[in-house]
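Here the structure is laid out as structure tokens; the discussion comes afterwards.
We number each residue from 1, following the sequence as shown. Note that ligands are numbered from 1 as they come in the structure, with each ligand's atoms numbered from 1 the same way.
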Amino acid sequence: MKEKKRRFETEVIHLGYRSEKHDNSLIPPIYQTSTFTFANAEQGEKRFAGGEEGFIYSRLGNPTVKILEERVAALEKGEAALAFASGMAAVSAVLMTLTKTGDHILCSNGVYGCTFDFLQLLKQKYQIEHDFSLMDSMEELERKILPNTTCIYIETPINPTMKLVDLQMVAQLAKTKGIPVVVDNTFCSPYLQTPLSLGCDVVIHSATKYICGHGDVIAGLAAGSKDCMERIARTVQKDVGGILSPFDAWLLLRGLKTLPVRMDRHCENAKKLFMFLKDHPKIEAIYFPGDSQSPDYSIMKKQMKKPGGMISFTVKGTKETAQKLMNHLELIKIAVSLGDAETLIQHPATMTHSAVPEKDRKKMGIENNLLRLSVGLEAWVDIKADLEQALAKI
Ligand SMILES: *Cc1c(COP(=O)(O)O)cnc(C)c1O
């Protein structure tokens with residue numbers, strides 16, 4: 001039976017799962033097994049040869065994980081998706097699949113700290129070069145794309161400066177040159193932004209963040225065309241082996257169900273806190289995609305459903321002033337990661353981006369007095385009160 005096309009809020013709960021195939025269990029079962037038995041030797045032979053559909057061994061595929069992959073593929077408007085043990089397992093598998101020695105990767109002007117480190121590894125070990133670009137105009141892109149560029153890698157909003165990249169513009173130009181565009185969609189989740197529908201080729205998630213939403217899983221996802229996902233699955237995913245466990249896939253399926261409800265609340269709280277913080281006398285600058293004064297506001301309107309739940313800001317003062325603010329917070333927890341029910345604050349220069357050399361950090365706009373706030377699901381007035389009392393003490 002063909003599945004009906006339903007709304008996002010319905011698909012996050014139902015898509016890809018048929019209870020009648022699982023003893024009518026309402027919730028997908030956890031197939032906690034390493035391997036699958038064959039009825040006979042010939043069936044085993046056929047499965048290995050790809051001549052018969054079916055599971056073989058959980059590193060190559062698992063029923064619980066498959067439900068998650070099918071659901072995410074549809075939510076991201078892709079043909080297929082793959083689940084990984086972490087966001088970095090997804091990032092590294094995608095980049096290793098799309099590049100070889102001598103190639104060049106063009107990145108947005110700022111990437112997640114460990115992605116930055118992985119790019120150094122690719123360069124040092126395999127002579128795969130990379131550059132950063134503001135990607136703010138066709139001319140800039142034309143200038144930065146080299147004859148050996150085989151991948152364009154984008155974060156938008158960029159972590160932690162919240163700068164946006166116009167995905168449609170980049171995808172349009174990349175298409176004429178046959179270069180795949182990869183987007184780390186972690187900050188938005190498919191509820192707020194679907195890069196594949198804007199012409200990009202691969203979407204990556206640290207599912208640890210909004211997709212899980214409960215701060216209890218490390219996981220990664222990639223979505224895109226069937227061809228591309230098969231290439232990744234058959235090579236890097238299978239042989240490097242950073243696969244997701246069935247239990248963690250089950251937790252992600254559980255978290256996904258409330259993604260739209262949670263995101264609406266994250267976004268609503270963030271908007272209200274932005275209004276409170278933007279004119280605060282102790283705050284120097286604030287970065288939020290929902291800022292109508294920001295030059296990126298039109299890009300936000302064009303490609304995001306809502307501005308998201310992340311706010312970055314600089315305090316008037318130094319690194320020590322920023323750290324003092326953090327230390328005075330009572331409700332808001334000091335922690336990296338994001339997208340959880342709890343409001344979290346971190347100091348990018350000494351935490352998520354501490355591995356990035358200071359001069360590169362400055363180029364990315366990561367000042368020493370910059371803080372990143374992941375707005376949680378608490379009552380916004382309680383979050384505001386906590387920020388207010390801590391700001392009064394710096
Ligand atoms: C956290 C994060 C990652 C890495 O994901 P892990 O699940 O921690 O491996 C990659 N990209 C972004 C934007 C992230 O926030």
Counting only heavy atoms from other residues, nucleotides and ligands, does the tally under 6.0 Å from [atom1] of [X] exceed 12?
X: M275; atom1: CE; answer: no
X: K46; atom1: NZ; answer: no
X: R47; atom1: CZ; answer: yes

Checklist entry - Any heavy atom of D184 sitting closer than 4.0 Å to ligand 1? => result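 Yes, that is the case, since the closest heavy atom of the residue is under 4.0 Å from the ligand.
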Which residue and heavy atom of the protein sit nearest [atom], plus the separation:
atom: atom 7 (O) of ligand 1; result: T208 OG1, 2.6 Å
atom: atom 6 (P) of ligand 1; result: G87 N, 3.3 Å
atom: atom 2 (C) of ligand 1; result: K209 NZ, 2.5 Å
atom: atom 4 (C) of ligand 1; result: Y112 CE2, 3.3 Å

Checklist entry - What about Y210 and H266, are their ring centers closer than 6.0 Å? => result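 Yes, the ring centres sit under 6.0 Å apart.
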Item to check | Mode of A219 contact toward ligand 1 - side chain, backbone, both, neither (heavy atoms, under 4.0 Å) | outcome: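 The backbone, only.
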Checklist entry - Quick check: does T115 get an N/O under 3.5 Å from an N/O on ligand 1? => result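 For ligand 1, there is no N or O atom that lies under 3.5 Å from one belonging to T115.
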Checklist entry - Can you check whether M88 has an N/O within less than 3.5 Å of an N/O in ligand 1? => result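 Min N/O separation from ligand 1 is below 3.5 Å for M88.
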Checklist entry - If two hydrophobic side chains count as joined below 4.5 Å and joins carry through other members, does L370 share a cluster with M351? => result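 No: no chain of side-chain contacts under 4.5 Å links L370 to M351.
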Checklist entry - Is there a chain of hydrophobic side chains (I, L, V, M, F, W, Y, each step under 4.5 Å between heavy atoms) that links M263 to V203? => result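 Cluster IDs for M263 and V203 differ.
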Item to check | Per-atom contacts, ligand 1 versus S86 - under 4.0 Å to a heavy atom | outcome: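 Listed by number with element: 7 (O), 9 (O).
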Item to check | Ring geometry between H22 and Y31 (parallel below 30°, tilted from 30 to 60°, perpendicular above 60°) | outcome: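 Y31 and H22: perpendicular rings.
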